[in-house]
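Fair warning: this is a prediction, and the values are worked out from it, not measured in the lab. Residue numbers run from 1 in the order of the sequence given.
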Amino acid sequence: MGDGVFLVTGAGRGIGAATARLAAREGYRLVLAARDAAALADLAASLGGPDRVLAASCDVREFDQVAELVRRVEQEWGRLDVVFANAGTSVVTSFTTDAGAPPAEWSDMVLTNVCGPAFTARAALPALIRHGGHLVLTGSAAGRGVRPGNLYAATKWAVTGLAQAIRAECVGTGVRVTLVQPGLTDTGGIPPSRAADPKLAPEDVARAVLYAVGQPPTVDVNEILVRPVGQDAHR
């Protein structure tokens, strides 16, 4: 993509970091966003100098921070081609017992997983429309079925609906919208009860993202569902 600009939220580790590495190999300039910019320093240094990589502190729960980052990117680099709304978090929940995180800790997950991609889309879409860009959102295979007591899965159901709503509004703008729905992925936060289950590597999901982004501008890959071989579809 030459000197195209690829913005990744939640870039500090896991799927975000893996996608940034692949995007760099494809020739993109990178905007790496995370709550803790210091955590991005080593990754940014490995992917190029300041003319190729911008590492930024950005909390996707705060719309003004995302909007300011997009403004800065357009001002400094003159374009924005791909935005990967990837930042997310997960806690174990139960609606009938004390198992998992207490309800006081649930709001951070809901804000990050639902408001985060919504705010990112609202901040970035005017720029993506100007530059004929591509919005990619990280959903989950868990957002396609019922998971008992699982609020995380419900937030990813919301991302599925969000992607569809955004795609419908973007008809006629030239912007492509892709929802990537990974199965269980080894990003370091897998609960002990699933430690032995089949898992994707973050790079597996990153390749799916770059597949969608790499299609001709007339091709809009709406959804990609990718699971590790052997994963139970109901988990």
Side-chain angles (χ1 to χ4, degrees), residues 8-20 32-36 39-40 43 57-62 65-66 83-121 136-163 178-209 223-228 230-235:
V8 182
T9 69
R13 62 182 180 86
I15 293 169
T19 301
L32 308 179
R35 295 185 196 181
D36 181 6
L40 300 171
L43 177 63
S57 175
C58 182
D59 186 343
V60 297
R61 299 170 302 176
E62 301 289 340
Q65 291 189 27
V66 187
V83 172
F84 183 25
N86 167 71
T89 188
S90 176
V91 296
V92 175
T93 58
S94 172
F95 297 102
T96 60
T97 73
D98 291 332
E105 297 179 11
W106 297 0
S107 58
D108 176 71
M109 179 173 67
V110 174
L111 288 170
T112 302
N113 292 4
V114 181
C115 289
F119 289 164
T120 301
V136 184
L137 303 97
T138 299
S140 174
R144 298 171 61 92
V146 175
R147 304 291 190 273
N150 194 319
L151 182 57
Y152 170 80
T155 67
K156 292 303 186 177
W157 270 90
V159 176
T160 299
L162 176 65
T178 298
L179 174 67
V180 177
Q181 297 179 306
L184 187 64
T185 305
D186 190 3
T187 58
I190 295 174
S193 62
R194 303 200 64 187
D197 289 1
K199 306 172 193 66
L200 297 169
E203 292 76 14
D204 298 327
V205 185
R207 284 192 294 272
V209 174
E223 296 186 6
I224 299 178
L225 170 63
V226 53
R227 291 190 179 101
Q231 179 177 337
D232 184 339
H234 300 290
R235 298 200 68 188

Visitor: Given Asp204 and Val226, is the side chain to side chain contact (heavy atoms under 4.5 Å, CB included) satisfied, shown in steps?
Guide: CA-CA 9 Å; Asp204 298 327; Val226 53; 5.6 Å; no
Visitor: To the nearest 0.5 Å, tell me how far Thr93 OG1 sits from Arg147 CZ.
Guide: 12.5 Å
Visitor: Do Leu162 and Val114 come close enough that some side-chain heavy atom pair is under 4.5 Å?
Guide: no
Visitor: Would you mind reporting whether Pro198 and Leu184 have side-chain heavy atoms less than 4.5 Å apart?
Guide: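 In short, these two side chains do not touch, never coming nearer than 4.5 Å.
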Visitor: Between Ala87 and Val60, which heavy-atom pair has the shortest distance, and what is it?
Guide: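 Minimum heavy-atom separation between Ala87 and Val60: CB-CG2, 4.0 Å.
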Visitor: Side chain of Ser90, backbone of Tyr152: donor and acceptor closer than 3.5 Å?
Guide: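 Not a single qualifying donor-acceptor pair exists.
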Visitor: Indicate the atoms forming the closest heavy-atom contact of Ser107 with Ala104, along with that distance.
Guide: OG-O, 4.0 Å
Visitor: Looking at every heavy atom in both Asn113 and Val159, which two are closest together, and how far apart are they?
Guide: O-CG2, 3.3 Å
Visitor: At what distance, to the nearest 0.5 angstrom, does CG of Asn150 lie from CH2 of Trp157?
Guide: 12.5 Å
Visitor: What distance do Ile224 atom CD1 and Leu179 atom CG have between them, rounded to the nearest 0.5 Å?
Guide: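 Result: 9.0 Å between the selected atoms.
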Visitor: Below 4.5 Å, heavy atoms only, C-beta onward: do Leu151 and Phe95 meet side chain to side chain?
Guide: yes
Visitor: Distance from Gln181 atom CD to Thr160 atom OG1, nearest 0.5 Å?
Guide: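 Between Gln181 CD and Thr160 OG1, I get 4.5 Å after rounding to 0.5 Å.
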Visitor: Any donor and acceptor pair, going by atom type alone, linking the side chain of Asn86 with main-chain N or O of Gly10 inside 3.5 Å?
Guide: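 Checking the backbone N and O of Gly10 against the side chain of Asn86, a donor-acceptor pair under 3.5 Å is found.
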Visitor: Shortest non-hydrogen contact from Ala142 to Ala153?
Guide: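 Ala142 and Ala153 have their closest heavy atoms at O-CB, 3.4 Å.
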Visitor: How far does CZ of Arg144 sit from CG of Leu225, to the nearest 0.5 angstrom?
Guide: 4.5 Å
Visitor: Do you know the tightest heavy-atom contact between Leu137 and Ala163?
Guide: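 Leu137 and Ala163 have their closest heavy atoms at CD1-CB, 4.1 Å.
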Visitor: Indicate the atoms forming the closest heavy-atom contact of Thr185 with Gly183, along with that distance.
Guide: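 Scanning both residues completely, I find the closest heavy atoms to be OG1-O, 2.8 Å.
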Visitor: What's the spacing between Asp59 CG and Asp36 CG if we round to 0.5 Å?
Guide: 11.5 Å
Visitor: For Asp108, which residues count as a side chain to side chain contact (heavy atoms under 4.5 Å, CB included) partner, sequence neighbours excluded?
Guide: Arg35, Arg61, Thr89, Thr112
Visitor: For Val83 and Thr120, run side chain to side chain contact (heavy atoms under 4.5 Å, CB included): C-alpha distance rounded to whole Å, both residues' side-chain angles, the deciding distance at 0.1 Å, then the answer.
Guide: CA-CA 8 Å; Val83 172; Thr120 301; 3.7 Å; yes
